[in-house]
Protein chains: 2
Amino acid sequence: MAIPGARASYRHGDLRDALVQVGLELARAGGPDAVVLRQATREAGVSPNAAYRHFADRNALLQAVSDAALGLAADRMEAEIAAAPVADDPATRARERLRAVGAGYIHFAREEPGLFRTAFSVPDNLQNQASATKAGRGGQTPFELVGAALDALVAADVLPRSRRQNAEFLAWSAVHGLGMLVIDGPLRGLTDQMVDDATARLLDMVDRGL
Amino acid sequence: MAIPGARASYRHGDLRDALVQVGLELARAGGPDAVVLRQATREAGVSPNAAYRHFADRNALLQAVSDAALGLAADRMEAEIAAAPVADDPATRARERLRAVGAGYIHFAREEPGLFRTAFSVPDNLQNQASATKAGRGGQTPFELVGAALDALVAADVLPRSRRQNAEFLAWSAVHGLGMLVIDGPLRGLTDQMVDDATARLLDMVDRGL
DNA sequence: GGGAAGATGTTTACACTGTCCACAATCGCA
DNA sequence: TGCGATTGTGGACAGTGTAAACATCTTCCC
């Protein structure tokens with residue numbers, strides 16, 4: 001990347017997207033703090049100020065990178081769902097699905113800690129959680145994936161409808177916490193074995209306690 | 001604070017501690033990124049490089065501030081334990097205690113989001129979780145407080161001994177995740193009522209699913 | 001007591017960051 | 001063809017972390 005004179009024309013083409021892609025690489029390698037505007041423009045082969053034609057400030061760039069990272073998380077979760085065992089019993093199937101959603105989330109955190117941290121480095125709110133900018137290739141955001149899995153649990157009569165409302169918060173909190181603690185919190189340094197074990201038990205806890 | 005010529009002597013007295021205290025205030029107001037070395041020295045009435053006599057670099061200062069913040073979290077948790085209802089039944093008492101530990105943790109996150117984020121802004125590992133630098137006035141770190149509460153659950157025959165090992169990870173993950181999501185994650189903007197509700201349900205989940 | 005050695009603060013300097021402003025090249029359309 | 005809007009460039013500035021050399025204070029030993 002970053003071939004110095006690679007740009008034939010004065011115009012870049014799609015600088016905005018290029019900056020987000022470069023930002024994603026920076027974030028992957030070093031987390032949110034590594035998303036430095038000047039570095040991104042440098043790698044995009046453009047002057048620092050060019051970025052300001054597409055983003056209000058560094059924070060806006062980080063926001064865009066963060067959204068893209070969440071989309072990648074969604075991809076990882078969908079992959080895990082696709083790989084989940086398909087039980088005959090609809091109830092078990094629904095439970096396996098929620099499990100896969102959670103496992104995918106934690107796997108993403110462990111495989112791409114920089115992106116995971118970046119995804120949550122910028123304040124956000126619930127209203128934006130269905131925004132297409134945060135969606136994966138399947139068109140759904142992580143939040144929507146959890147929601148759908150919970151709906152399936154209700155449909156399969158595993159989760160009483162009375163407990164459905166805002167159940168996302170609980171499931172999400174559990175996996176988010178483990179992900180955070182494991183990648184750069186006090187739980188880093190655990191062996192893979194220990195993390196796998198903790199993940200399984202955590203998902204049991206959610207399954208049992210939701 | 002930061003009286004310009006307030007220092008009578010050439011020596012400061014206890015600059016290291018002063019920097020940590022100032023850092024704590026900066027973190028309280030603006031999270032980890034607000035802990036800027038030059039600003040801290042400025043408020044301590046000292047030249048920027050004076051800090052380097054006490055900390056290897058900015059990160060070492062942040063580390064110290066982060067530890068102090070964790071100590072404050074421990075204080076908050078102990079306060080919640082002290083305020084917990086004391087049931088006659090030892091089993092209920094033990095369960096109330098774990099609940100208080102979790103509730104204190106989340107309350108701290110909500111009351112001091114800047115400090116909470118700072119406490120987890122620097123990578124750490126499990127071996128350090130009992131370090132005295134992270135302890136509160138009661139002498140125990142948050143990790144030790146959870147551990148003690150879990151031990152009490154085993155002693156009261158609520159939690160089978162076979163599930164005791166590393167149970168900290170599960171309980172901690174749940175409350176940590178909710179804390180994070182609520183203060184600057186996608187769950188911010190929820191009404192206090194909603195957060196209280198989510199907290200109660202989350203603690204139920206842990207109680208039921210551990 | 002008198003100095004030397006070490007600890008602690010200061011000054012100067014540098015590279016790097018985000019961002020503002022004025023200017024230039026290019027594109028799209030009348 | 002020309003002209004306005006978009007997009008990119010160059011130069012500048014304040015603020016940051018940190019290195020190196022220098023100054024001052026404390027301590028402690030002869």
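Lettering follows sequence order; numbering is per chain, from 1. Note that the structure is a prediction, hence the values are computed from the model and not measured.
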Just the rounded figure in Å: distance from [atom2] of [N] to [atom1] of [X].
X	N	atom1	atom2	answer
Phe55(A)	dG8(D)	CZ	C1'	15 Å
Asp57(B)	dA20(D)	CG	C1'	17 Å
Asn49(B)	dG17(D)	CG	P	11 Å
Leu26(B)	dG17(D)	CG	C1'	15 Å
Tyr52(B)	dT11(C)	OH	P	17 Å
Arg42(A)	dG8(D)	CZ	P	18 Å
Asp33(A)	dT17(C)	CG	P	13 Å
Arg58(B)	dA15(C)	CZ	P	22 Å

From [options], pick the nucleotide closest to the side chain of [X]?
X	options	result
Ala50(B)	dG9(C), dT19(C), dT18(D)	dG9(C)
His54(B)	dT8(C), dG17(D), dG18(C)	dT8(C)
Val36(A)	dT8(C), dG8(D), dG18(C)	dG18(C)
Leu15(A)	dT18(D), dC21(C), dG8(D)	dG8(D)
Val46(A)	dT9(D), dT18(D), dT19(C)	dT9(D)

Between dG8(D) and Arg53(A), counting only base atoms on the nucleotide and side-chain atoms on the residue, is there a donor-acceptor pair under 3.5 Å?
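A donor-acceptor contact between them is present.
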Given the rule in the salt bridge (Lys or Arg N to Asp or Glu O under 4.0 Å) test, do Arg188(A) and Asp124(B) qualify, once you have shown the distances and angles that lead to the verdict?
CA-CA 7 Å; Arg188(A) 69 182 299 191; Asp124(B) 210 335; over 6 Å; no
Identify, between Arg38(B) and Asn59(A), the residue whose nearest nucleotide on DNA chain C lies closer to the 5' end.
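Residue closer to the 5' terminus by nearest nucleotide: Arg38(B).
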Test salt bridge (Lys or Arg N to Asp or Glu O under 4.0 Å) on Arg28(A) and Glu25(A); report intermediate values, then the result.
CA-CA 5 Å; Arg28(A) 191 196 304 275; Glu25(A) 289 315 307; 3.2 Å; yes
For the pair His176(A) and Tyr105(A), name the ring-plane relationship: parallel under 30°, tilted 30 to 60°, perpendicular over 60°.
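Taking Tyr105(A) first and then His176(A), their aromatic rings sit tilted (interplane angle of 30° to 60°).
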Is it the case that atom CD in Gln165(B) sees more than 12 heavy atoms from other parts of the structure closer than 6.0 Å?
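No.
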State whether Asp204(B) and Arg99(B) are salt-bridged, where the test is any N-O pair (Lys NZ or Arg NE/NH1/NH2 against Asp/Glu carboxylate O) under 4.0 Å.
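Salt bridge: yes.
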